[in-house]
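The next block holds one structure in the form of structure tokens; read it before the comments.
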Amino acid sequence: MTDRAASGVSAPGARWKTRLVGVGMAALFAVIGLRAASLSLAGAPELRADAAQAAAARRADILDRNGELLATSVSVYSLYADPRAVWDAAETVEALSGVFPDLKRDRLVERLSDRERAFVWIRRGLTPRQRQAVFQLGLEGLGFRTEVTRAYPNGRLAGHVLGHANVHGRGLAGVEFALDNRLSGDDAPLRLTLESGVQFALEAELDDAARRYEAIGAAGVVLEAETGAVRALASWPPVDPNRWPSEPAEVQLDRAVGAPIELGSIFKPFTVAVALEAGVVAPSQRFDLSQPVIVAGKEFDDHHAPARNASLTDIIADSSNRGVVRIALDVGARRQREFLDRLGLLERAPLELAASSAPIRPAAWDELSLSTVSFGHGISVSPIAFASAFSAFANGGEVVRPTLLEDGAAGDRAPRRAMAAPTAALVTAMMRETVVRGTATRADVAGYRVAGKTGTAEKVVDAAYAEDLNVTSFAALFPADDPKYVVLIVLDEPKAVEGGATAAWNAAPVAGRVIERIAPLLGVAPVFDSPVRTDSPSARGAADRRSL
């Protein structure tokens, strides 16, 4: 007996049975295929749009001036659902909440229960661990899409400068917003003037100062005077661009660029400079400051013992309100206003950031405004605008537009003369005395010959000055005999935790610590042409305790 006969099935019958099974399987796969095609076509607009957005999201890298990566585009997984294929919406959301505890459960259950929907985003930008955890749940109706998103490998470093771009490839803040067309339309990396090491040092010292002095905010600038290149620009509290949408508004605020503020006595060198330019004072002139100065019924006084024979250097070094008000009255409102305009302080800083804020100027430039502006009250400017203006002392009297672009593509960058070179050099020498023997001895750094001016301004709260709330600042140049860089430190509402609450106690020493850290990074060699003073920060000795 043959094997075929032993099987009990004839050859024609076997072939017929095989055909039936084949037809049934083909029909089953056809149904499945049609269903899949139906779902795909139903969701096609969303998927096509998402694919287009992913392509648009790929942007040029952002680098610091040395080529260190600050921002880049990376591929990530995003989780979506097809509600028509979800077996139980509530159970699905309950399982997913174990991976994503912050899910808005009720809202997601509602969306996944809607059988009219073909596509619902659940979470975008998953980490590899999150993707694996979701995959292991084995839930029906879920899928992963590969998207392109923006990543900032250094976290908070230069966060406010870089800003943020969303998953659709649109810049929303900082450089990402201001140069959106350049970043989305050109594959070549965008190189900034920032130096990551200098930026890190500035941010670290601002963070330490804000915590040490219990300030509510802070800002800092490091500017190359001759070129206007911004080597570091920082605001505290810092912001992480990777988490920008979830950061509070007060953290997203860029205090260095977008928050004009009254900076106080760091304006006094400008008052002396315009007086010298106008010829209303002589470099060797002496002033009797033993009596208060009264303007429009307001008395201007000093916080230290009155001087009967004060020089211009004494007025700056001792931060005399009486002295600068008397000088300003001789200068006059018109010349003061024109001088500040030449410095760029009556307009927004022409930096490549849309957040750069316009100043708040006096409503009427009368004698009282003339007097208060002479020592930095009654006018609010952004720290970057002030640092740019202050660079004129380091740049032979010329102001160069600040820039964040290493390639110099900042439009018209021709310098603007604000004062004569001898005036700039003379006032810088006066500010060196402020650090050597005046209100800023805590800013001194052995070998780097810092020059600068302290500022302590009562803060404006509800349209009135609050006597117990200060904004303190220190504007510095170094090295004083051949200035290359400007450093500006601003602290908002520092507390008197190590002495006084004025700039002499907080902003000045912070600037000194910043300079001590960044000078070697910027290639500035120390010069030890005299013994280290016992009251310098390096020696950590006793320092002058005058208040401004």
Side-chain angles (χ1 to χ4, degrees), residues 193 221-231 263 266-283 285 312-313 315-316 324 327-328 330-352 356 358-359 361 365 370 373-376 379 381-405 408-432 451-453 475-488:
T193 59
V221 183
V222 178
L223 188 71
E224 188 171 277
E226 185 176 2
T227 65
V230 178
R231 298 305 180 202
L263 293 172
I266 57 176
F267 267 74
K268 288 175 179 174
F270 292 145
T271 301
V272 172
V274 67
L276 289 168
E277 286 288 288
V280 299
V281 297
Q285 190 169 337
L312 288 176
T313 299
I315 289 173
I316 288 182
V324 293
I327 292 171
D330 290 337
V331 169
R334 180 184 60 81
R335 283 188 292 211
Q336 182 192 62
R337 187 171 62 250
E338 290 175 351
F339 185 69
L340 296 180
D341 188 40
R342 293 200 300 273
L343 290 167
L345 289 171
L346 301 186
E347 60 188 12
R348 64 178 293 275
L351 192 68
E352 301 90 355
S356 180
R361 302 184 289 182
W365 219 291
L370 164 69
V373 169
S374 72
F375 57 89
I379 183 170
V381 301
S382 66
I384 183 61
F386 184 90
S388 175
F390 202 73
S391 69
F393 291 120
N395 199 34
E398 292 185 337
V399 179
V400 178
R401 293 179 55 166
T403 181
L404 283 164
L405 300 181
D412 179 14
R413 298 199 26 84
R416 176 171 52 186
R417 180 156 297 282
M419 67 187 89
T423 300
L426 181 58
V427 176
T428 297
M430 296 175 185
M431 289 191 286
R432 174 58 183 160
K453 182 70 189 77
L477 307 171
F478 78 96
D481 51 353
D482 184 20
K484 300 297 184 185
Y485 295 95
V486 174
V487 174
L488 175 63

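Residue numbers run from 1 in the order of the sequence given. Everything quoted here is computed from the prediction, not taken from an experiment.
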Work out which heavy atom in [X] is nearest to a heavy atom in [Y]; give both atom names and the distance.
X      : Y      : answer
Ala392 : Val399 : CB-CG2, 3.7 Å
Lys453 : Ile316 : CE-O, 3.4 Å
Val400 : Glu226 : CG2-O, 3.5 Å
Arg342 : Arg417 : CD-O, 3.8 Å
Arg348 : Ser356 : NH2-CB, 2.9 Å
Leu312 : Met430 : CB-CE, 3.7 Å

Exercise. Is there a donor-acceptor pair under 3.5 Å between the side chain of Glu352 and the backbone N or O of Leu404?
Worked result: yes
Exercise. Does Ser388 reach the main-chain N or O of Ala385 with its side chain, forming a donor-acceptor pair under 3.5 Å?
Worked result: no
Between [X] and [Y], is any pair of side-chain heavy atoms under 4.5 Å apart?
X      : Y      : result
Trp365 : Arg334 : no
Phe478 : Lys484 : no
Leu223 : Pro402 : yes
Val486 : Leu477 : yes
Ser374 : Gln336 : yes
Thr227 : Thr193 : no
Thr271 : Ile315 : no
Thr428 : Arg432 : no

Exercise. Can you tell me how far the CD atom of Glu347 sits from the CG atom of Asp341, to the nearest 0.5 Å?
Worked result: 6.5 Å
For this session: Report the C-alpha distance between Phe390 and Val221 in whole Å, list the side-chain angles of each, state the deciding distance to 0.1 Å, and finish with yes or no for side-chain contact (heavy atoms from CB on, under 4.5 Å).
Result: CA-CA 11 Å; Phe390 202 73; Val221 183; over 6 Å; no
For this session: Apply the test side-chain contact (heavy atoms from CB on, under 4.5 Å) to residues Ile266 and Leu488: give CA-CA distance (whole Å), side-chain angles for both, the deciding distance (0.1 Å), then the verdict.
Result: CA-CA 10 Å; Ile266 57 176; Leu488 175 63; 4.0 Å; yes
For this session: May I have the step-by-step check of side-chain contact (heavy atoms from CB on, under 4.5 Å) for Val427 and Met419, ending in yes or no?
Result: CA-CA 11 Å; Val427 176; Met419 67 187 89; 5.7 Å; no
For this session: Hey, can you tell me if Phe270 and Phe386 have their rings parallel, tilted or perpendicular (30° and 60° cut-offs)?
Result: tilted
For this session: Tell me, yes or no, whether the heavy-atom count around Arg361 atom CZ, taken from other residues, nucleotides or ligands under 6.0 Å, exceeds 12.
Result: no
For this session: Might you work through the side-chain contact (heavy atoms from CB on, under 4.5 Å) test for Ile379 and Leu346, ending with a clear yes or no?
Result: CA-CA 9 Å; Ile379 183 170; Leu346 301 186; 4.1 Å; yes
